[in-house]
Number of protein chains: 2
Amino acid sequence: MSANPYCYKYPRPALTADCVVFATAEDEGLQLLLIRRGGEPFRGQWALPGGFVNMDEDLHAAALRELEEETGFHPARLEQIGAYGRPDRDPRGRVITIAFLALVRRPDDPVRGGTDAEEAAWFPADQLPPLAFDHALLIEDARAMLRQRIRREPIGLDLLPQAFTLSQLQSVYEAALGAPLDKRNFRKKILRFDVLKELTGRRQTGHQRPAQLYAFDRAAYKRLQKQGIDFEC
Amino acid sequence: MSANPYCYKYPRPALTADCVVFATAEDEGLQLLLIRRGGEPFRGQWALPGGFVNMDEDLHAAALRELEEETGFHPARLEQIGAYGRPDRDPRGRVITIAFLALVRRPDDPVRGGTDAEEAAWFPADQLPPLAFDHALLIEDARAMLRQRIRREPIGLDLLPQAFTLSQLQSVYEAALGAPLDKRNFRKKILRFDVLKELTGRRQTGHQRPAQLYAFDRAAYKRLQKQGIDFEC
DNA sequence: TCAAAAGTGTTTACCATACACCCATGT
DNA sequence: ACATGGGTGTATGGTAAACACTTTTGA
């Protein structure tokens with residue numbers, strides 16, 4: 001920077017990237033990944049995973065790196081929500097954060113903490129603890145974005161394993177939208193797009209009738225998009 | 001900042017706010033406001049109006065201020081599009097910009113330049129000159145956002161005077177969506193919401209049959225929203 | 001009388017919605 | 001046998017889309 005003849009002389013804010021990471025759990029609805037802060041300010045409080053962007057690092061890359069460092073997760077999807085920059089949002093001074101929406105499959109084993117994070121844990125998205133900074137606001141916006149996006153793009157699949165049942169998929173939609181859906185109508189709508197292919201294997205979910213497994217057919221989805229048909233579910 | 005015990009020591013990027021300002025013109029489709037840069041880098045090239053965010057200034061406020069300084073415009077609407085931060089997007093070094101979508105009524109008199117802007121001018125959104133930085137990308141995203149938003153919220157009205165004809169409103173939608181619409185269907189759909197009220201005066205658009213003028217009924221729209229009915233046009 | 005835009009209804013096809021019962025399995 | 005979730009079809013109402021002519025004015 002200092003070698004560059006055009007280097008700006010203006011005062012500069014600090015820049016962070018934060019991730020709003022959602023997953024779903026069977027019968028427990030939408031889950032949110034939080035970390036307990038290991039440093040000041042807000043030490044010991046719950047907050048979104050995230051941290052400072054390096055000077056030669058893309059915003060997405062920074063969000064991914066921080067998430068990996070603090071929680072070990074690699075999201076299937078990471079989309080920008082927006083920039084949050086109220087002058088008083090950080091007690092240390094001017095800090096702008098770029099928020100990202102991340103969707104992951106929730107693993108069975110508990111999450112571990114990492115750099116700058118004493119602890120990481122999943123919370124039901126409707127029962128969150130008090131949060132550091134303006135993170136409650138970022139989460140609200142992330143949920144709104146998820147609600148909108150899941151109806152127009154097949155991003156719900158990022159929350160499931162490669163092979164899944166229609167009931168699981170329906171649960172994901174119900175968790176994301178926060179409303180129950182009609183089983184028959186849901187199946188009709190989603191199958192009409194022809195982007196799910198039946199897997200010949202079946203599977204036992206325990207002690208009920210085994211359910212048909214499906215996988216997402218990415219090629220078929222691309223074909224739909226090219227035809228300009230918009231997936232709306 | 002420096003008085004604050006928690007002040008960050010990380011290297012910091014510079015922070016700017018840029019505005020993608022759209023208007024519509026009769027029979028000319030969607031128009032975009034650009035300025036010709038008065039300083040390096042990209043001196044003399046066309047670019048979005050915008051500039052540095054002050055350290056105690058909200059992002060929206062910064063965008064508004066810069067727009068006012070460079071072009072004299074006060075948009076009816078200013079919404080954040082997102083943050084753009086590729087490390088190589090500015091030859092001077094690391095500069096993050098927050099992009100905003102602004103909608104204005106295009107005045108009859110030509111626009112003036114201002115601080116840091118030799119010149120300001122309207123361009124048809126489909127025939128833009130070469131642009132500085134990654135501004136072509138911001139504009140593409142802004143158009144996508146406009147297309148989506150105009151179908152769910154009555155923001156098209158921000159592009160029109162208080163009293164307008166249904167034909168004018170239809171032109172706005174056609175310009176924003178980039179597609180022709182059926183006149184009868186458009187009128188039916190938009191009038192069904194009961195958010196436009198007829199003004200008793202009429203008006204002569206020149207030398208054809210005079211058209212009915214309408215005004216937006218903000219109270220009626222608020223009522224709709226409370227009922228949870230979503231405006232979709 | 002002509003040009004130019006304003007204004008107006010009906011038909012059709014599709015899709016969202018609502019709704020209830022039988023099936024396959026494990027215990 | 002029964003409990004549990006898996007799986008299926010139909011009827012109805014509403015709305016998006018397609019479509020063409022008459023009206024009013026100024027020139």
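- One finds no salt bridge joining A:Asp182 and A:Lys189 here, because no Lys/Arg side-chain nitrogen approaches an Asp/Glu carboxylate oxygen to under 4.0 Å.
- Nucleotides of DNA chain D lying under 4.0 Å from heavy atoms of chain B occupy a range whose first and last members, 5' to 3', are D:dA16 to D:dA27.
- Dashed line: the shortest gap from a side-chain N or O of B:Arg184 to OP1 or OP2 of C:dG7 is not under 4.0 Å.
- Atom CZ of B:Phe186 is separated from atom C1' of C:dT8 by 16 Å (rounded to the nearest Å).
- With sequence neighbours excluded, the residues forming a side-chain contact (heavy atoms from CB on, under 4.5 Å) with B:Ala142 are B:Val20, B:Phe22, B:Ile81, B:Leu101, listed by chain and number.
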Enumerate the protein-to-nucleotides 21-25 of chain C contacts in which both atoms are nitrogen or oxygen and the separation is below 3.5 Å.
from	atom 1	to	atom 2	distance (Å)
C:dC23	O2	A:Arg209	NH1	3.1

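- Within residues 159-182 of chain A, the residues that have a heavy atom under 4.0 Å from DNA chain D are, in order of number, A:Ser167.
- Along DNA chain D, the nucleotide nearest B:Lys189 and the nucleotide nearest A:Tyr214 are compared for position; the residue whose nucleotide lies closer to the 5' end is A:Tyr214.
- Taking 4.5 Å as the limit, some side-chain heavy atom of B:Pro161 sits within range of a side-chain heavy atom of B:Arg105.
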Anything under 3.5 Å between a protein N or O and an N or O of nucleotides 10-15 of chain C, put it in a table, one pair a line.
from	atom 1	to	atom 2	distance (Å)
C:dT10	O4	B:Lys188	NZ	2.8

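- A:Phe100 pairs by the ring-ring contact (aromatic ring centres under 6.0 Å, His included) definition with A:His60, not counting sequence neighbours.
- Closest approach of B:Gly51 and B:Asp18 over heavy atoms only: N-OD1, 4.1 Å.
- Summarising the geometry of A:Ile96 relative to A:Arg89, their closest heavy-atom pair is C-NH1, 4.2 Å, with the distance given to 0.1 Å.
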